[in-house]
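Computed from heavy atoms alone, side chains included, the values below leave out hydrogens, waters and symmetry copies.
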Amino acid sequence: MSQEPAPWLRAWAAPPPQTAWQRWGRSALLLGVTIVSVFLAGGLQPVALPGQGALLLLNVRQGLALAGGLLSILLAHEMGHYVACRYYRVDATLPHDIPSPWFPALGLSIWQPLSMVGTFGAFIRIRGPIPHRRALFDIGVAGPLAGFAVCLPVLWLGIRSATVQPLAPDTGGLFFGEPLAFQWVSRLVHGPIPDDKTLVIGQLGLAAWFGLFVTALNLMPIGQLDGGHVTYALLRERARLISRIASWVCVALIYFGPSW
């Protein structure tokens, strides 16, 4: 025999209804600010003027390329987590984008983002308990899989628009490492690149590079990263030892490879 709880008890146990600001308002505001930040990070290009310092010019096409390519990858990643949470009926927020702060540089005449791409990524907040290990595994792995699926066409378009130019380090610019996916697609599109030449990417290629970087970083089997969640879902208590070992390996990599 069961008895229906008293009305005052039901009212006390039920969570308060969420406002529109809590449901989607914060996410929409952060998305708008991040779009502007990434667009400006990709589109603003300093031009040196003789005797007048530097001047910022806005390249709308490059700004749209970085904002569209990078944010599509980041949003796909977080929406993968969100959709998996909805599938398992786990309470979670919509993706929250993190815009990069901007600060003055070059004698206060030019502002630039703390992150060179105008954002520090995105996240969702899981507010409910995860029911079982399979749900934890699926929620953890859904983000990297969704982000990587969107990253592939961005990578292809970024490599297609890139050019092979003579290697001239004294001309300036930034030199990036080459992820395996970059090497494979580059060879497929441009063929083998001679040692005295390099692949010069635009903002769409930069978006793909950072998309691959974020995906790989999140797959590390450490703590609250996606890889850490997947490892815990598979190995339970042994995941703590793996997380500690992987963390110290990353510390060692800082010594052997300063780019880490």
Side-chain angles (χ1 to χ4, degrees), residues 13-15 18 22-24 26-28 30-31 34 69-98 115 117 119-156 177 179-185 207-254 260:
Q18 294 183 338
Q22 293 173 321
R23 291 195 306 272
W24 53 266
R26 283 176 294 198
S27 298
L30 288 172
L31 175 61
T34 305
L70 181 58
L71 292 179
S72 64
I73 297 171
L74 296 179
L75 287 177
H77 183 117
E78 297 306 326
M79 286 304 295
H81 292 311
Y82 178 77
V83 171
C85 286
R86 293 296 302 269
Y87 178 80
Y88 287 105
R89 299 185 179 180
V90 175
D91 186 20
T93 65
L94 288 168
H96 292 337
D97 294 271
I98 309 175
S115 164
V117 291
T119 179
F120 285 106
F123 69 96
I124 67 169
R125 180 187 172 194
I126 297 179
R127 297 177 294 198
I130 297 177
H132 43 74
R133 291 167 61 187
R134 179 175 180 178
L136 178 62
F137 178 90
D138 290 349
I139 292 172
V141 79
L145 288 178
F148 185 68
V150 175
C151 187
L152 288 178
V154 177
L155 174 62
W156 175 264
L180 290 177
F182 248 87
Q183 297 179 32
W184 296 337
V185 177
W209 192 95
F210 270 93
L212 292 173
F213 170 75
V214 170
T215 302
L217 182 67
N218 272 282
L219 285 174
M220 290 183 177
I222 297 175
Q224 295 299 309
L225 296 177
D226 297 337
H229 292 150
V230 170
T231 304
Y232 182 77
L234 293 174
L235 302 176
R236 298 300 293 271
E237 294 302 324
R238 284 177 290 179
R240 295 188 179 185
L241 177 60
I242 294 175
S243 177
R244 290 176 182 175
I245 294 175
S247 299
W248 283 110
V249 168
C250 288
V251 172
L253 286 172
I254 295 175
W260 279 81

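- Across every non-hydrogen atom of Ala146 and Ala76, the tightest pair is CB-O, 3.3 Å.
- In this structure, Ser243 contributes its side chain and Ala239 its backbone to no donor-acceptor pair below 3.5 Å.
- Of the possible polar contacts, one joining the Thr119 side chain to the Ile98 backbone as a donor-acceptor pair under 3.5 Å is found.
- Residue Ala92 comes nearest to Ile124 through the heavy atom pair CB-CD1, 4.3 Å, listed as atom of the first residue, atom of the second, then distance.
- Side-chain contact check for Ile73 versus Val214: every heavy-atom pair is 4.5 Å or farther apart.
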Verdict with reasoning, Ile222 to Cys250, per side chain to side chain contact (heavy atoms under 4.5 Å, CB included): CA-CA 10 Å; Ile222 297 175; Cys250 288; 3.9 Å; yes
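- The shortest heavy-atom contact between Val230 and Gly140 is CG2-C, 4.0 Å.
- Annotation: the span from Tyr88 atom OH to Ile139 atom CD1 amounts to 7.5 Å, rounded to 0.5 Å.
- More than 12 heavy atoms of other residues, nucleotides or ligands lie within 6.0 Å of CZ in Arg26, so this atom counts as buried by the packing criterion.
- Note that CG of Asp97 and CG of Leu75 are 5.0 Å apart. Values are rounded to the nearest 0.5 Å.
- Residue-environment remark: CZ (Phe182) exceeds the threshold of 12 foreign heavy atoms within 6.0 Å.
- Ala207 approaches Gly69 most closely through the heavy-atom pair CB-C, 3.8 Å.
- Counting non-hydrogen atoms of other residues, nucleotides and ligands closer than 6.0 Å to CZ of Arg133 gives a total above 12.
- Of the possible donor and acceptor atoms, one in the side chain of Thr93 sits under 3.5 Å from a partner among the backbone N and O of Arg125.
- For the residue pair Pro129 and Val90, the shortest heavy atom distance occurs at O-CG2, 3.8 Å.
- A distance of 5.5 Å separates CG of Leu234 from CZ of Phe137, quoted to the nearest 0.5 Å.
- For the atom pair CD1 of Ile130 and SG of Cys85, the computed distance is 6.5 Å after rounding to the nearest 0.5 Å.
- Phe213 and Trp209 have parallel rings, their planes meeting at less than 30° on a 0 to 90° scale where 60° marks the start of perpendicular.
- Between Tyr232 and Glu237, some side-chain heavy-atom pair lies under the 4.5 Å cut-off.
- Rounding to the nearest 0.5 Å places NE2 of His77 at 3.5 Å from NE2 of His81.
- When all heavy atoms of Leu212 and Ala181 are compared, the pair lying nearest together is CD1-CB, 4.0 Å.
- More than 12 heavy-atom neighbours from other residues, nucleotides or ligands sit within 6.0 angstrom of CZ on Arg127.
- Between the side chain of Ser27 and the backbone N or O of Trp24, no donor-acceptor pair lies under 3.5 Å.
- The local environment of CZ in Arg23 is crowded, with over 12 non-hydrogen atoms from other residues, nucleotides or ligands closer than 6.0 Å.
- Between Leu71 atom CG and Glu78 atom CD the span is 12.0 Å, to the nearest 0.5 Å.
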